[in-house]
Amino acid sequence: MAERPTTNWRRGMAKEAAELAAGTLDPDCARMVDLFPDGLLSAADTVLAAPDLITRRDRSE
């Protein structure tokens, strides 16, 4: 099954946060939180879930 882009983005954010905490990433180079704010991730998940909801609804009818 295909992975949602938001899953990959969240994984990248966690990796970046770990690198920042470890001191292996310069804070000026950290961009994931700016590129993928929580509101964007939530909205993208909602949009990406819509086809799944429609498919499930159609199967139950």
### Task
Name all residues meeting the side chain to side chain donor-acceptor pair (under 3.5 Å) criterion together with E16; count only those two or more places apart in sequence or in a different chain, and write none if there are none.
none

### Task
Please list, chain by chain and in numerical order, all residues satisfying side chain to side chain donor-acceptor pair (under 3.5 Å) with R31, sequence neighbours excluded.
none

Can you list the residues that meet the side chain to side chain contact (heavy atoms under 4.5 Å, CB included) rule with [X], with sequence neighbours excluded?
| X | result |
| --- | --- |
| S42 | none |
| M13 | M32, V33, F36, L41 |
| P37 | L40 |
| D26 | D28, C29 |

#### Entry: Considering all heavy atoms, the nearest D45-R10 contact
OD2-NH1, 2.9 Å

### Task
Each residue besides L25 in its hydrophobic cluster should be listed here, by chain and number; the cluster joins Ile, Leu, Val, Met, Phe, Trp and Tyr at side-chain heavy-atom distances under 4.5 Å.
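Under the 4.5 Å side-chain rule, L25 groups with L20.
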
### Over 12 foreign heavy atoms within 6.0 Å of CG, D38
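Counting other residues, nucleotides and ligands, CG of D38 stays at 12 neighbours or fewer.
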
